[in-house]
**Student:** 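Got a structure for you, written out below as structure tokens; questions coming shortly.
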Amino acid sequence: MTKHPDPEWIAVATDPVGPGGRLQAVDGDGTPVSAAEPVADLASAIAEREARLGPRWVWAATDDLYPRLLDRMPVRLARCHDLKLVEALLLGHEGGHGQPRSLGGAWARLRGLPVPDDPRDGGADGQPSLFAADRHQLPPDVDQLTAVVAVHADQRRRISAVERPERVRLLCAAESAGALAAVEMARDGLPWSAAVHDALLTELLGPRPAGGVRPERLERLAARFQEAIGRPVNPDSPAQVLSAFARVGVSLPSTRNHVLKEAGHPAAAILLRYKELSRIHSAHGWAWREQWVREGRFRPEYVVGGVVSGRWATRGGGALQIPRLLRSAVVADPGHRLVVADAGQLEPRVLAAMSGDRGLCAAAAGGDMYADLARTAFDGDRGRAKIGLLAAMYGQTSGEAGQLLAVLRRRFPAAMALVEKAARVGEAGGVVRSRLGRTSPRPADLWPGGDEEAEGTLRAARAWGRFTRNFTIQASAADWALAVLAALRRRLAALGGEPRLVFFQHDEVIVHTPVELSEAVAAAVAESAREASRLVFGDTPVRFPLETSVVECYADAK
DNA sequence: AAACGAGGCGCC
DNA sequence: AAAGGGCGCCTCGTTT
């Protein structure tokens with residue numbers, strides 16, 4: 001009899017109803033190394049094994065299971081393998097973007113059965129379901145644990161079969177760690193001071209009006225605008241605004257801010273102020289707070305993998321667009337601090353590291369890439385250096401960007417070759433991959449073929465080329481950010497678990513921590529950045545600095 | 001009444 | 001000559 005070492009992986013299935021479930025240890029290939037074990041209380045069984053064995057938990061979907069576990073156990077789990085998220089990554093890698101990634105979908109594909117639609121991916125009703133089998137789209141006669149074990153083994157095999165398995169393995173681990181962090185962040189919430197928020201709104205808009213009418217300040221601005229333009233127009237209606245301006249002899253292509261700024265009519269300035277304040281009122285005003293802030297915490301729901309590039313999306317409250325103006329309402333609890341860390345110039349640094357371009361790498365070895373580039377290639381003009389580099393990564397060629405690109409092509413040929421190759425691949429309908437192997441979708445439905453007008457097709461191809469050009473950079477930046485998040489989450493747990501990740505947005509994290517741990521957290525942030533850079537980009541001269549401030553209020557972070 | 005696209009703007 | 005990536009969410013105004 002061989003004695004197995006402590007299992008590194010444990011597969012998890014939930015009972016259809018009630019708190020119980022079943023567990024089964026598997027090895028690194030996904031092969032079972034123990035019999036399935038029923039447990040009466042899944043949460044306590046998992047907590048006990050987490051403390052004793054520290055395995056990687058394998059389950060159908062973190063966003064489904066982990067919140068229910070956290071309701072009933074105090075322990076946060078260190079590691080997991082999220083079958084749904086990994087399935088999405090692998091399907092993308094294999095060219096099957098958009099196929100159902102639920103446990104049931106993966107199982108059906110594995111067994112050559114008809115693949116059920118995912119809930120919310122179109123088809124099903126989108127309502128949360130009481131039964132695990134329904135949630136995972138698994139046929140009623142299939143045992144959930146059997147499916148978890150089989151799909152996991154299949155995924156491990158598929159990961160090993162890709163061109164750079166070690167990178168995809170890292171991507172899957174980071175994506176899964178992100179799923180744990182996302183659930184925890186939604187529960188902890190971002191500290192939000194209703195008092196500060198209220199004072200700010202009152203100062204900007206006037207006192208809160210009763211019964212949902214327009215605040216006094218907006219009312220006055222609307223009246224002044226109507227007076228200045230000479231007609232009773234609704235300032236919220238672009239169509240009415242345009243025709244009103246036309247009647248006073250000002251012809252505008254749109255009512256966008258930059259257009260109004262150049263309009264040269266006194267009503268335009270009033271309208272700009274109205275729009276600025278009106279937006280705050282509607283998007284982040286009193287009604288927003290009542291809906292999204294409870295007990296001093298703003299609790300958005302994070303959607304891991306919600307963006308094809310690997311960036312997260314959010315559901316509810318618009319968490320990824322907290323206006324700068326309102327950041328003073330994000331205030332640490334008494335005796336606590338916010339450690340705010342922001343990756344400076346992340347995307348151009350990613351471009352440097354991925355291309356290995358000598359000149360760009362040299363600039364990215366320092367603290368301010370744009371300043372360095374300005375010195376070496378743009379006659380000291382930092383603004384032009386920045387515009388040029390952004391244009392290269394976004395595919396902009398209009399205006400002054402065109403000339404700047406010529407400079408970039410001459411001075412940084414390897415970097416420009418990378419983005420231009422990515423664009424050509426996209427224009428031809430191909431896919432590109434991030435550093436860790438996240439794959440762009442195919443341009444489905446872009447070329448319906450037939451007698452489509454050639455010019456329209458060309459424009460669509462160009463647009464898709466801009467998308468793949470940017471995907472290469474944006475998705476690799478997201479790889480890095482996710483690796484930072486995973487490393488930081490682990491390091492914060494090692495600090496005792498009291499410091500909490502409370503915000504994550506593309507290239508920025510916020511940790512809420514007892515004041516006495518704030519320096520340790522700041523150190524953990526810096527370590528995490530170094531660790532992620534090494535893991536994702538290996539041996540590179542490029543630095544990926546995370547600028548960190550320890551503050552009581554988000555607005556004070558520089 | 002609800003659903004939808006367009007126009008617009010905030011964040012990265 | 002022109003050609004700018006990714007989101008979420010608000011309002012308007014039309015369609016269903």
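Just so it is clear, the structure is predicted and the values come from calculations on it, not from any experiment. Throughout, protein chains are lettered first and strands after them, A, B, ... in sequence-line order, and every chain is numbered starting at 1.
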**Student:** For A/Arg289, check side-chain hydrogen bond (donor to acceptor under 3.5 Å, both in side chains) against everything at least two apart and list the hits.
**Tutor:**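 Scan of A/Arg289 (side-chain hydrogen bond (donor to acceptor under 3.5 Å, both in side chains), adjacent residues dropped) gives A/His197.
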**Student:** Mind checking what makes side-chain hydrogen bond (donor to acceptor under 3.5 Å, both in side chains) contact with A/Glu400, not counting sequence neighbours?
**Tutor:**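 Not a single residue meets the side-chain hydrogen bond (donor to acceptor under 3.5 Å, both in side chains) criterion with A/Glu400.
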**Student:** Just the endpoints, please: which first and last nucleotides of DNA chain C, 5' to 3', lie under 4.0 Å from a heavy atom of chain A?
**Tutor:**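 Footprint of chain A along DNA chain C, 5' to 3': C/dA3 to C/dG13.
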**Student:** Can you list every side-chain hydrogen bond (donor to acceptor under 3.5 Å, both in side chains) pair that touches residues 221-250 of chain A, not counting sequence neighbours?
**Tutor:**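 As it turns out, the side-chain hydrogen bond (donor to acceptor under 3.5 Å, both in side chains) pairs with a partner in residues 221-250 of chain A, which skip direct neighbours, are A/Asp236-A/Tyr274.
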**Student:** Mapping A/Val308 and A/Gln396 onto DNA chain C by nearest heavy atom, which one lands closer to the 5' end?
**Tutor:**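 Checking each residue's closest nucleotide, the 5'-ward one belongs to A/Gln396.
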**Student:** Restricting to side-chain hydrogen bond (donor to acceptor under 3.5 Å, both in side chains), what partner residues turn up for A/Gln505, sequence neighbours left out?
**Tutor:**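 If we apply the side-chain hydrogen bond (donor to acceptor under 3.5 Å, both in side chains) test to A/Gln505, skipping adjacent residues, there are no hits.
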**Student:** In whole Å, measure the gap between the C1' atoms of C/dG4 and B/dC12 for me.
**Tutor:**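 My reading of the C1' atoms in C/dG4 and B/dC12 gives 15 Å.
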**Student:** Do A/Val431 and A/Ser440 come within less than 4.5 Å of each other through their side chains, counting heavy atoms only?
**Tutor:**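 Result yes, sub-4.5 Å side-chain heavy-atom pair found.
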**Student:** Determine the contact category for A/Ala391: base if any of its heavy atoms lies under 4.0 Å from a base atom, sugar-phosphate if only primed atoms, P, OP1 or OP2 are that close, otherwise nothing.
**Tutor:**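 Touches nothing.
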**Student:** If the condition is side-chain contact (heavy atoms from CB on, under 4.5 Å), which residues does A/His93 pass it with, not counting sequence neighbours?
**Tutor:**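 Listed in chain order: A/Val162, A/Val168, A/Arg433, A/Thr439.
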**Student:** Output every pair passing salt bridge (charged side-chain N to carboxylate O under 4.0 Å, His left out) with a member in residues 465-483 of chain A, not counting sequence neighbours, ordered by first then second residue.
**Tutor:**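 Checked against salt bridge (charged side-chain N to carboxylate O under 4.0 Å, His left out) - neighbours excluded - no pair reaches residues 465-483 of chain A.
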**Student:** With a 4.0 Å cut-off on heavy atoms, is A/Thr397 in touch with a base, just the backbone sugar-phosphate, or nothing at all?
**Tutor:**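 Here A/Thr397 touches the bases of the nucleic acid.
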**Student:** With sugar-phosphate meaning primed atoms plus P, OP1 and OP2, does A/Gly402 contact a base, only sugar-phosphate, or nothing at under 4.0 Å between heavy atoms?
**Tutor:**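 Nothing: the residue A/Gly402, judged by heavy atoms under 4.0 Å, touches no strand.
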**Student:** side-chain contact (heavy atoms from CB on, under 4.5 Å) with A/Arg382: which residues, sequence neighbours excluded?
**Tutor:**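 Checked A/Arg382 against side-chain contact (heavy atoms from CB on, under 4.5 Å); matches are A/Gln345, A/Asp368, A/Tyr370, A/Ala371, A/Ala374.
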**Student:** Can you name the side-chain contact (heavy atoms from CB on, under 4.5 Å) partners of A/Thr255, sequence neighbours left out?
**Tutor:**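 Testing A/Thr255 for side-chain contact (heavy atoms from CB on, under 4.5 Å), a comparison that skips the adjacent residues, returns A/Pro238, A/Val241, A/Leu242, A/Lys275.
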**Student:** When the axes are fitted on five pairs at both termini, how much does the helix from B/dA1-C/dT16 to B/dC12-C/dG5 curve, in 10° steps?
**Tutor:**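 Between the first-five-pair axis and the last-five-pair axis there is 0°.
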**Student:** Tell me every residue that passes side-chain contact (heavy atoms from CB on, under 4.5 Å) with A/Ala555, counting only those two or more places apart in sequence or in another chain.
**Tutor:**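 Applying side-chain contact (heavy atoms from CB on, under 4.5 Å) to A/Ala555 gives A/Arg327, A/Ser328, A/Cys553.
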**Student:** Are A/Lys84 and A/Asp63 close enough for a salt bridge, meaning some N to O gap below 4.0 Å?
**Tutor:**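 Yes, charged N to carboxylate O under 4.0 Å.
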**Student:** Which parts of nucleotides 1-12 of chain B does protein reach within less than 4.0 Å, heavy atoms only, written one letter per nucleotide 5' to 3' as B for base, S for sugar-phosphate only and - for none?
**Tutor:** -------BBBBB
